[in-house]
Amino acid sequence: MSPRTRTGSSPAARIIAAVADILAFIIILWILMYLLDANRSNDFVQWVHDAATWLAGWSYDLFTFDAAWARVVAGYGLAAVVYLFIGHAVAGRIRR
């Protein structure tokens with residue numbers, strides 16, 4: 001049997017993948033709240049919005065669609081996909 005058997009994954013890889021999932025979840029949650037017209041004066045909605053705006057600061061308003069909902073979905077959605085892709089790619093690399 002090879003000394004590099006995969007009986008479990010690396011704890012660091014699991015943590016990195018979990019963090020990427022949480023970041024993407026926050027962004028996707030904001031997209032859903034925006035599309036469902038959540039009450040922005042609610043503290044939880046405001047926290048999710050602030051967190052998602054901070055996380056997607058580099059990709060927000062990257063696209064200039066006429067419809068506001070399309071800008072939100074494209075800008076924030078891109079950030080969520082990038083966090084998932086990079087986080088799981090790094091986790092996969094650590095598992096090797």
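Applying the side-chain contact (heavy atoms from CB on, under 4.5 Å) rule to Ile86 yields the partners Val82, Val90; only residues at least two apart in sequence or on another chain are considered. Under the side-chain contact (heavy atoms from CB on, under 4.5 Å) criterion, Ala70 pairs with Phe65, Ala67, not counting sequence neighbours. Ala91 is linked by a side-chain contact (heavy atoms from CB on, under 4.5 Å) to Ala13, Ile16, Ala17, Arg95, counting only residues two or more places apart in sequence or in another chain. The side-chain contact (heavy atoms from CB on, under 4.5 Å) check on Leu35 picks up Ile31, Trp69, Val73, with sequence neighbours excluded.
Cluster membership check: Phe25 shares its hydrophobic cluster with Phe44, using side-chain heavy-atom separations under 4.5 Å among Ile, Leu, Val, Met, Phe, Trp and Tyr. One hydrophobic cluster, built from ILVMFWY side chains closer than 4.5 Å, holds both Val72 and Leu62.
Of the inter-residue distances, the one linking Ile22 atom CD1 with Leu29 atom CG reads 13.0 Å to the nearest 0.5 angstrom. Going from atom CG of Leu55 over to atom CG of Leu23 covers 5.5 Å, rounded to the nearest 0.5 Å. Residue Leu78 holds its CG atom at 4.5 Å from CH2 of Trp58, rounded to the nearest 0.5 Å.
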- Item | side-chain contact (heavy atoms from CB on, under 4.5 Å) evaluation trace for Ile26 with Trp54 | CA-CA 11 Å; Ile26 291 170; Trp54 186 79; over 6 Å; no
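Residue Ser59 comes nearest to Gly75 through the heavy atom pair OG-O, 2.6 Å, listed as atom of the first residue, atom of the second, then distance. Listed here is the closest heavy atom pair of Ala20 and Leu84: O-CD2, 4.0 Å.
Residues in residues 70-92 take part in these side-chain hydrogen bond (donor to acceptor under 3.5 Å, both in side chains) pairs, two or more places apart or across chains: Asp21-His88, Thr53-Tyr76. Sorted by first and then second residue, the side-chain hydrogen bond (donor to acceptor under 3.5 Å, both in side chains) pairs involving residues 28-40 (not counting sequence neighbours) are Asn39-Ser41.
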